[in-house]
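Working notes, beginning with the structure itself.
What you see is a predicted model; the values in this text were computed from it and never measured. This chain uses plain numbering: 1 for the first residue, then up along the sequence.
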Amino acid sequence: MRTTPRSLPAVLAGVLVLSACGSESVAAWSDGSQQTQGPDSADRRGDPSCGVPSTGTPATSGTSALPGGSEDLEKDGVKITGLGGRSRNCDLSPFSAEFRVTNHETEPFTYTITFAFVSRSGEVLAGAEKTVPAVKPGQTVERTVALDELPPQTSSPVGVRIAKVRSVPADEAPAAAGPCPPSGIRVTLGNGDAAMGLRVVGLHLENCSTRAYHLNGYPQLQLLDEDRKPVTSVEVLHGGGDISTVTGFDDPPRPVTLKPGQSASAGLMWRNTVTVGTPVNLPYVRVNAKTGARPVTVTPELDLGTTGKLGVSPWKKDEVP
């Protein structure tokens, strides 16, 4: 689980709030209503500031139904179900939230959920991303997301909300680590860069098989909307076209042979310019490394504005330092 600062909207319809010392949890709503939960069951080591006797006896667990109806707490098959948080003065576990994922699809799906940890005023303090792989159809799994630490001088309480849910078929999910996929390659999303409305993000391909892998040309792309439906209104260009001039992006394709352990990269480029019309935002791109290759679905979050264009560069073998 990666924990990274994120810029997320501060206007919250509802958040779950983590109390300073874990004594109670609150679901706070924009209309001012709230509901509390009883103390959690963690041993607070007799710290009086946490409202716990000095005997060190674990507090008893309390339960109450969490209110629903807000997409900040429940979204796209993911629901926050509980809380657990301590201030750093209590010297215990990090701020965390329990959640569950239910797969309503007809095949296994992998879910990547972005959570926002916020102050009472709505300021985003930190973001955390959690991936739940290969949830079977109809299955519900429970997980916990936690922050190792909050920014210095953060005041409590701290709330948590679901910022974004992305889900892809499990057999198309990027595999950055673990056993080599049956295809013999790993295709993942690389680093991105943004300046003056120009976006450039990399595609990374690693040969994790035991034999050579050959490429010659451009990644084959299928753009997908929020519901993972194909979008054909965007023109996919080989090279940068009239989007921008980026060094190496318009180089012609050349044959690439990757020995086991070697890798190659390509790039996606677009602008988020908005003029006349409705802006287009496409979370998903299904990538075939070459004709006949098994697809991998990545989430570059294409904010294409009204440009209607996406550039792709050819595969190039990565140089070994």
Return a table of donor-acceptor pairs under 3.5 angstrom between the side chains of residues 230-237 and protein atoms on other chains or two or more places apart.
none

Legend entry - Contacts of type side-chain hydrogen bond (donor to acceptor under 3.5 Å, both in side chains), residue Arg286, not counting sequence neighbours: Glu172, Gln222
Legend entry - Results of side-chain hydrogen bond (donor to acceptor under 3.5 Å, both in side chains) for Ser209 - residues two or more places apart only: Asn207
Inset, instruction - Tell me, yes or no, whether the heavy-atom count around Glu142 atom CD, taken from other residues, nucleotides or ligands under 6.0 Å, exceeds 12. - result: no
Legend entry - Exercise: do Asp303 and Trp270 side chains pair donor with acceptor under 3.5 Å: yes
Legend entry - Any residue meeting salt bridge (Lys or Arg N to Asp or Glu O under 4.0 Å) with Lys317, in chain and number order, not counting sequence neighbours: none
Legend entry - Arg254 side chain reached by Pro314 side chain, heavy atoms, under 4.5 Å: no
Legend entry - Lys79 NZ to Arg100 CZ distance, which is reported to the nearest 0.5 Å: 5.0 Å
Legend entry - Counterpart residues, salt bridge (Lys or Arg N to Asp or Glu O under 4.0 Å), relative to Asp242 (two or more places apart): Lys309
Legend entry - Residue pair Val298 / Thr188, side-chain heavy-atom distance below 4.5 Å: no
Legend entry - All pairs passing disulfide bond (SG atoms under 2.5 Å apart) where residues 196-228 contributes a residue, at least two apart: Cys180-Cys208
Legend entry - Listed partners of Tyr218 passing ring pair (Phe, Tyr, Trp, His ring centres under 6.0 Å), at least two apart: His238
Inset, instruction - May I have all residue pairs that pass ring pair (Phe, Tyr, Trp, His ring centres under 6.0 Å) and include part of residues 173-215, sequence neighbours excluded? - result: none
Legend entry - Pairing residues for Glu301 by the salt bridge (Lys or Arg N to Asp or Glu O under 4.0 Å) criterion, not counting sequence neighbours: Lys164, Arg166
Legend entry - Phe109: partners by ring pair (Phe, Tyr, Trp, His ring centres under 6.0 Å), with sequence neighbours left out: none
Legend entry - Qualifying residues under salt bridge (Lys or Arg N to Asp or Glu O under 4.0 Å), relative to Lys136, sequence neighbours excluded: none
Legend entry - Passing candidate, side-chain contact (heavy atoms from CB on, under 4.5 Å) with Arg294, options Ile185, Asp171, Asn288: Asp171
Inset, instruction - Can you tell me which residue pairs pass the disulfide bond (SG atoms under 2.5 Å apart) test with a partner in residues 272-301, sequence neighbours excluded? - result: none
